[in-house]
Amino acid sequence: MSGRSDLIDISVVLVHETDRAVLVDHGGDGNVWLPKSAIEIERDASGKTWTVTLPERLAQEKGLI
């Protein structure tokens, strides 16, 4: 499997941000901390939500999918 083939995009609301992590609300039970070193995050055109790109394995570990 290639390095980027397991990446997925999830739409979230950014709750809080530190130098090393972001706290996001994904519409599930509670908010989830994600390490910036393992993700990419971009504000959506609406400005209200963000798209997080992360490995599918990490999304499963954090209960995002």
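Positions are given from 1, in the same order as the sequence printed here. The shown structure was predicted, so the numbers you read here are calculated from the model rather than taken from an experiment.
For K36, the side chain to side chain donor-acceptor pair (under 3.5 Å) partners at least two apart in sequence or on another chain are E17. In this view, R43 satisfies the side chain to side chain donor-acceptor pair (under 3.5 Å) rule with no residue, not counting sequence neighbours. Residues satisfying the side chain to side chain contact (heavy atoms under 4.5 Å, CB included) criterion with S11, sequence neighbours excluded, are D44, T49.
If you take CD1 on I10 and NE2 on H26, they are separated by 8.0 Å, rounding to the nearest 0.5 Å. The CG atom of L14 sits 5.0 Å away from the CD1 atom of I41 when rounded to the nearest 0.5 Å. Atom CG of L58 is separated from atom CG of L64 by 7.5 Å, given to the nearest 0.5 angstrom.
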Exercise for the section: Just do the side-chain contact (heavy atoms from CB on, under 4.5 Å) check on E56 and I65 with the steps written out, would you? Expected result: CA-CA 8 Å; E56 187 174 0; I65 58 173; 3.6 Å; yes
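Scanning all heavy atoms of the two residues, the minimum distance from A38 to P55 falls at O-CD, 3.3 Å.
Follow the hydrophobic side-chain contacts under 4.5 Å out from L23 and you never reach V12; the two are in separate clusters.
In this structure, I39 and T53 have side chains that are not in contact, with every pair of non-hydrogen atoms separated by 4.5 Å or more. The side-chain heavy atoms of L54 and I8, taken from C-beta on, include a pair separated by under 4.5 Å.
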With a 3.5 Å cut-off and sequence neighbours excluded, list the donor-acceptor pairs that the side chains of residues 27-35 form with protein atoms.
none

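Counting only residues at least two apart or on different chains, no salt bridge (Lys or Arg N to Asp or Glu O under 4.0 Å) pair has a member in residues 18-28.
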